[in-house]
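Please read the structure below before turning to the comments.
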Amino acid sequence: MVTNLFKALRPQQWIKNLSVLAPAFFAGQILNNHDWVRLSWAFLLLSAASSGAYLINDLLDRHSDRLHPLKGHRPIASGKLSPGLAAAVAVFLLTISLLTSLQFPIFFTLSLAGFIAVQLSYSLLLKHLILIDVMAIGATFSLRVFAGALILPVPLSAWLILTTVSLSLLLAIGKRRAEVTLLTHRLAAKHRDVVTHYPIVLLDGMTFVMAASTIMSYALFTFNQPELTTRKKLIDLLPQTLANPKWLMVTIPFVIYGIFRYLYVIYEKKEGSSPERVLIYDRPLLIAVLTWAAAAYFAIYIVSK
């Protein structure tokens, strides 16, 4: 029972909550011990809240999920976890996350409450509305980033928010595109009727639009970041032209490759219905993400003073 309950919490999706670290990371404060404690709490509270929302979503969808080749194996859909226990744990996680958040700035609590509200609205209604469903997913990612900025607090770049929204919409649309490929029209209608209302040509167009938007938003984010003061020893090794470069822009190629690789996974490998699984199990994409993180860390924390 404990194993099935843990699986129902979807721990593999907690990786999405790492986006709470983004504002502090790009502000150069990720190594601050006091900030790290607060960010750890933010990650834990968002993970608890998201797991509570996932349990409610799986309770509502347990009958239709049995028609899905992957979701049918979830503990609630397969009958390995009782609905009553799942509901009790969901209420506990949502309540305890909100109550614990009250020890932090009120705006963080409000962002967490907004995150929970969007998640529950998605489970109850929004996931059945074409276009609104993917926009709701984008909103949850933005609220994660806002939560990370508000719990410290640190300034938040508008370009970073736009990058987050664009990337989250790309992942959500890619998920819908993979579902259309994975399910027949009949099964899609029974599993989630909104999937049948998405023409493939529309999903393809939206996918490429959001891929381009993600790349451009991130490029503009790196370009508009304040210039970092380069260490003197490194300046001495560089020509005058590169004395004060926008070091974060060196990470752009990794983002471009990551986006292209994700598109390849969707269209060639016919995957993408679970973006977190793609990130974990697609080795080239995982390497690209880790290399991007290392390059960004080098630009912000090593090259600069």
Side-chain angles (χ1 to χ4, degrees), residues 10-28 30-31 39 43 70 134 137-138 140-142 144-145 148 157 159-179 181-182 203-204 206-225 228 245-304:
R10 303 194 206 176
Q12 73 278 7
Q13 299 211 26
W14 293 345
I15 192 173
K16 298 176 183 177
N17 298 321
L18 290 176
S19 56
V20 77
L21 305 176
F25 178 79
F26 289 112
I30 201 69
L31 298 181
L39 290 172
F43 174 81
L70 297 177
V134 294
I137 296 175
T140 61
F141 275 89
S142 299
R144 288 178 172 101
V145 176
S157 167
W159 288 112
L160 179 59
I161 288 294
L162 187 56
T163 301
T164 303
V165 171
S166 299
L167 178 60
S168 60
L169 288 174
L170 172 62
L171 297 176
I173 295 166
K175 182 176 181 178
R176 289 288 180 266
R177 180 63 173 80
E179 288 176 341
T181 303
L182 185 63
L203 289 171
D204 289 342
M206 292 166 60
T207 299
F208 295 131
V209 166
M210 297 321 302
S213 176
T214 301
I215 293 172
M216 288 302 301
S217 298
Y218 182 76
L220 289 169
F221 164 68
T222 61
F223 180 77
N224 285 281
Q225 279 289 90
L228 300 173
K246 298 278 187 176
W247 285 106
L248 201 56
M249 293 186 73
V250 302
T251 64
I252 294 176
F254 304 113
V255 172
I256 294 175
Y257 174 81
I259 297 299
F260 288 173
R261 178 67 192 185
Y262 182 67
L263 295 177
Y264 172 80
V265 168
I266 293 175
Y267 287 99
E268 181 62 26
K269 300 181 71 175
K270 309 300 181 183
E271 298 176 3
S273 59
S274 179
E276 63 280 355
R277 287 180 59 86
V278 172
L279 175 60
I280 295 172
Y281 294 108
D282 187 78
R283 185 170 297 180
L285 182 58
L286 179 60
I287 292 174
V289 171
L290 294 177
T291 306
W292 164 82
Y297 182 88
F298 179 81
I300 298 173
Y301 295 92
I302 304 298
V303 172
S304 61

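A quick note: this is a predicted structure, and the numbers were derived from the prediction, not measured.
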Neighbour count >12 (heavy atoms, 6.0 Å) for atom CZ, F208: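 Check passes, neighbour count above 12.
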
Among residues at least two apart in sequence or on other chains, which ones pass side-chain contact (heavy atoms from CB on, under 4.5 Å) with [X]?
{"X": "A172", "result": "V134, I137"}
{"X": "S19", "result": "R144, V145"}
{"X": "Y257", "result": "R261, P284, A288"}

If you round to the nearest 0.5 Å, how far is [atom2] of [Y] from [atom1] of [X]?
{"X": "L171", "Y": "R176", "atom1": "CG", "atom2": "CZ", "result": "12.5 Å"}
{"X": "I259", "Y": "I215", "atom1": "CD1", "atom2": "CD1", "result": "5.5 Å"}
{"X": "M216", "Y": "I252", "atom1": "CE", "atom2": "CD1", "result": "9.0 Å"}
{"X": "I256", "Y": "T214", "atom1": "CD1", "atom2": "OG1", "result": "11.5 Å"}
{"X": "F43", "Y": "I15", "atom1": "CZ", "atom2": "CD1", "result": "9.0 Å"}
{"X": "M206", "Y": "S213", "atom1": "CE", "atom2": "OG", "result": "12.0 Å"}

Between [X] and [Y], which heavy-atom pair has the shortest distance, and what is it?
{"X": "I266", "Y": "G174", "answer": "CD1-CA, 3.6 Å"}
{"X": "S142", "Y": "T164", "answer": "N-CG2, 4.1 Å"}
{"X": "V20", "Y": "L39", "answer": "O-CD2, 3.8 Å"}
{"X": "S168", "Y": "G138", "answer": "OG-CA, 3.1 Å"}

- request: Indicate yes or no for a side-chain donor-acceptor contact from T291 to the backbone of I287 under 3.5 Å, with no hydrogens or angles considered.
  value: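 Answer holds: yes.
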
task: Check whether any side-chain heavy atom of F25 lies under 4.5 Å from a side-chain heavy atom of I300, and answer yes or no.
output: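 Heavy-atom side-chain distance check passes, below 4.5 Å.
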
task: Look at the rings of F26 and F221 and say which category their plane angle falls in: under 30° parallel, 30 to 60° tilted, over 60° perpendicular.
output: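 Rings of F26 and F221: perpendicular, over 60°.
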
query: What orientation do Y297 and Y301 show, parallel under 30°, tilted 30 to 60°, or perpendicular over 60°?
result: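 The arrangement is parallel - the two ring planes meet at less than 30°.
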
Distance-only donor-acceptor check, side chains Y218 and T251, under 3.5 Å: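 Note: Y218 and T251 side chains meet the donor-acceptor criterion.
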
task: Ignoring hydrogens and angles, state whether a donor on the side chain of D282 or Y262 is under 3.5 Å from an acceptor on the partner side chain.
output: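 Checked: D282/Y262 side chains show no N/O donor-acceptor pair below 3.5 Å.
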
